[in-house]
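Remember, predicted model here, so these are calculated numbers, not experimental data. In what follows, every heavy atom counts, from backbone to side chain, and hydrogens, waters and symmetry copies are set aside. Both counts, for ligands and for their atoms, begin at 1 and track the order of listing.
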Amino acid sequence: MADVHVRIFVTAAAAARALARDVAKELSASPRLVLGLPSGRTPVPLYDELARLHARGKADFRDAITFNLDEFLGLSADHPGSYRAFMRRHLFDRVNLRTSHIHFLNGAASDPLAECARYDRAIARAGGIDLQILGLGVNGHIGFNEPAPGLAAATHRVRLTMATRRANAALFHHRLRDVPKAGLSMGMATILRARRIVLLSTGVGKARSVERMLRGPVTTRVPASFLQLHANVEVWLDHAAASRV
Ligand code: GLP
């Protein structure tokens with residue numbers, strides 16, 4: 001078995017509280033922390049907790065820098081279904097991050113390839129990601145790196161699977177036809193270059209993916225299994241997500 005550090009919490013709320021405290025601690029140790037952030041339902045309690053800590057003076061984002069993992073292709077930053085809008089609602093508008101320190105893939109870029117290259121350069125210029133927080137797709141994806149015969153190393157354009165589009169339909173009033181068919185995502189190497197990675201996964205719906213990620217072979221069919229190759233990775237689970245491991 002690979003050397004992935006697994007932490008199991010009784011509830012999703014307990015995992016979120018502990019991770020928020022961990023992030024706050026990292027921020028106070030290194031105020032210029034470069035954070036990689038996910039969207040999705042899983043990190044919502046984490047973002048709520050970070051906002052609460054910030055309100056109590058216990059999480060200071062003034063000098064922090066963020067890079068989000070992915071964005072839908074074809075959506076502008078102010079589209080309500082965009083991940084950028086999601087992040088504003090759940091975190092950015094509630095803490096003291098500077099707008100100029102928030103980095104996002106521009107889903108509406110006229111040249112998506114150039115946009116992906118720009119993003120990888122911006123991450124490198126910021127000195128790389130110190131702490132990358134990840135969620136886990138029901139199909140084992142991380143970011144928008146979908147199961148495939150091959151995975152892209154650099155930030156790239158992706159065709160979204162039906163499973164992923166369904167999982168994201170809530171952002172589009174549950175109208176599947178409105179969920180974009182493609183996205184832009186940090187690539188596998190972009191993610192794996194982070195100095196520390198914490199994958200947060202909760203709920204019984206993720207138990208099978210968690211099992212395949214941790215116990216299965218490293219395979220492009222389960223992009224999250226590549227985390228087994230990282231030297232400083234933690235997987236934080238609630239009991240339900242850990243039920244098969
Ligand atoms: C989405 C995002 C991922 C996210 C994952 C899980 O499609 N692109 O970055 O981690 O799916 O989402 P959720 O937390 O809602 O289950």
Distance under 4.0 Å to a non-hydrogen atom of [X]: what atoms of ligand 1 satisfy this?
| X | answer |
| --- | --- |
| Thr164 | 7 (O) |
| Gly135 | 10 (O) |
| His141 | 1 (C), 3 (C), 5 (C), 7 (O), 11 (O) |
| Ser39 | 4 (C), 10 (O) |

Quick check: does Gly137 get an N/O under 3.5 Å from an N/O on ligand 1?
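No, there is no polar N/O contact under 3.5 Å.
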What protein heavy atom lies closest to [atom]? Include the residue and the distance to one decimal.
| atom | answer |
| --- | --- |
| atom 12 (O) of ligand 1 | Gly40 CA, 3.9 Å |
| atom 3 (C) of ligand 1 | Gly143 O, 3.5 Å |
| atom 15 (O) of ligand 1 | Arg41 N, 2.7 Å |
| atom 16 (O) of ligand 1 | Lys206 NZ, 2.5 Å |
| atom 1 (C) of ligand 1 | Tyr83 OH, 3.5 Å |
| atom 8 (N) of ligand 1 | Asp70 OD2, 2.8 Å |
| atom 7 (O) of ligand 1 | Asn168 ND2, 2.9 Å |

With rounding to the nearest 0.5 angstrom, report the CZ to CZ distance, Arg165 to Phe72.
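Reported to 0.5 Å precision, the distance equals 9.5 Å.
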Rounded to the nearest 0.5 Å, what separation is found between the CD1 atom of Ile123 and the CD1 atom of Ile129?
4.5 Å
Just by modelled atom types, is the Ser110 backbone N or O under 3.5 Å from a matching donor or acceptor in the Glu115 side chain?
no
If only atom types and distance count, is the side chain of Ser225 paired as donor or acceptor with the main-chain N or O of Thr219 below 3.5 Å?
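Indeed, once roles are kept as given, a pair shorter than 3.5 Å links the two residues.
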Looking at ligand 1, does Ala167 have a heavy atom less than 4.0 Å from it?
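Distance cut 4.0 Å: Ala167 fails for ligand 1.
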Evaluating non-hydrogen atoms only, which member of Thr42, Leu136, Asn139, Leu160 is closest to atom 6 (C) of ligand 1?
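Closest candidate by heavy-atom distance is Leu136.
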Going through the distances and angles, do Arg196 and Asp130 end up as a side chain to side chain contact (heavy atoms under 4.5 Å, CB included)?
CA-CA 6 Å; Arg196 177 185 175 208; Asp130 295 311; over 6 Å; no
Under a 4.0 Å heavy-atom limit, does Phe86 contact ligand 1 with its side chain, its backbone, both, or neither?
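Within the 4.0 Å criterion, Phe86 makes no contact with ligand 1.
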Would you please say whether a donor-acceptor pair under 3.5 Å links the side chains of Thr190 and Asp120?
yes
For His141 and Glu146, run side chain to side chain donor-acceptor pair (under 3.5 Å): C-alpha distance rounded to whole Å, both residues' side-chain angles, the deciding distance at 0.1 Å, then the answer.
CA-CA 5 Å; His141 76 213; Glu146 299 278 36; 2.9 Å; yes
Start with the C-alpha distance between Asn145 and Ile191, add both sets of side-chain angles, then the distance that settles side chain to side chain contact (heavy atoms under 4.5 Å, CB included), and finish with yes or no.
CA-CA 10 Å; Asn145 294 282; Ile191 293 171; 3.6 Å; yes
Taking 4.0 angstrom as the limit, do Arg84 and Asp78 come out as a salt bridge?
no
Determine whether the aromatic ring centres of Phe104 and Tyr83 lie less than 6.0 Å apart.
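Between Phe104 and Tyr83, the centre distance exceeds or equals 6.0 Å.
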